[in-house]
Amino acid sequence: DAGVIQSPRHEVTEMGQEVTLRCKPISGHDYLFWYRQTMMRGLELLIYFNNNVPIDDSGMPEDRFSAKMPNASFSTLKIQPSEPRDSAVYFCAIGTGVGETQYFGPGTRLLVL
Amino acid sequence: SQKIEQNSEALNIQEGKTATLTCNYTNYSPAYLQWYRQDPGRGPVFLLLIRENEKEKRKERLKVTFDTTLKQSLFHITASQPADSATYLCALPPWGNNRLAFGKGNQVVVIP
């Protein structure tokens, strides 16, 4: 988990509420990735940034999902409105390239009731 | 599209034995392949990378092979210990317009 801080670690919310997940990469890597992990679908890439610029958001499931990276040390993933099917563990990861070794944060476990 | 397959059934193994996991892929010709370890409640942690021109790679008690003809990688944990109990994921680099793709992982349980 070294190199990436995620908050909150756990989030329980009700359907329809807005959820904001946060990621703070500590070390200097040019790429930042947001993943979602479920038992059924495994680890899915949602979006990734290169030098704070969103490069590929084709994995974002719907318009309800949005992500920003205002600077090199902070990124957010927002779900508005949230739905029960969004329940999953969301990981932020950093790396030096799209196919290179990635360093994951501890994840945020989201439960939408 | 490319597909990555790992055994969905947990591998239960006696301490001291060798655990062997399989990662198969289709419609794909990766230049390299990665293996990660994931513990409950934690993010995946990088273990090993093996390139297509390397038949075998070792790191301590871990050994990875890469057979580009069979489109398969094998992951071995020798002299397994209870601390090796975790889920192990293989990952393949982007090909074409695709991104780094992870298998669903294979759980290993080492029984003392």
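Numbers restart at 1 for each chain; the letters A, B, ... are given by sequence-line order, proteins then strands. All values reported here derive from a predicted model rather than from experimental measurement.
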Taking a hydrophobic cluster as the set of Ile, Leu, Val, Met, Phe, Trp and Tyr residues connected by side-chain heavy atoms closer than 4.5 Å, whether directly or through intermediates, do [X] and [Y] fall within one such cluster?
{"X": "A:Leu32", "Y": "A:Phe74", "result": "no"}
{"X": "B:Leu74", "Y": "B:Leu21", "result": "no"}
{"X": "A:Met39", "Y": "A:Val89", "result": "no"}
{"X": "A:Leu110", "Y": "A:Met60", "result": "yes"}

Please classify the contact between [X] and chain B as side chain, backbone, both or neither, with a heavy-atom cut-off of under 4.5 Å.
{"X": "A:Phe33", "result": "neither"}
{"X": "A:Glu44", "result": "neither"}
{"X": "A:Glu100", "result": "both"}

Please check if the number of heavy atoms outside [X] that lie under 6.0 Å from its [atom1] is greater than 12.
{"X": "B:Arg61", "atom1": "CZ", "result": "yes"}
{"X": "B:Gln14", "atom1": "CD", "result": "yes"}
{"X": "A:Asn71", "atom1": "CG", "result": "yes"}
{"X": "A:Glu14", "atom1": "CD", "result": "no"}
{"X": "A:Arg109", "atom1": "CZ", "result": "no"}

_Proximal to chain A - members of residues 102-112 of chain B, heavy-atom separation under 4.5 Å_ = B:Phe102, B:Lys104
_Ignoring hydrogens, what is the shortest heavy-atom contact between B:Phe46 and A:Gln102? Give both atom names and the distance._
CB-O, 4.4 Å
*asked:* Tell me the closest heavy-atom pair linking B:Leu89 and A:Gln37, and the distance in Å.
replied: CD2-NE2, 4.4 Å
_For chain B, which candidate among A:Ser58, A:Gly59, A:Gly95, A:Gly107 shows the most heavy-atom pairs at distances under 4.5 Å?_
A:Ser58
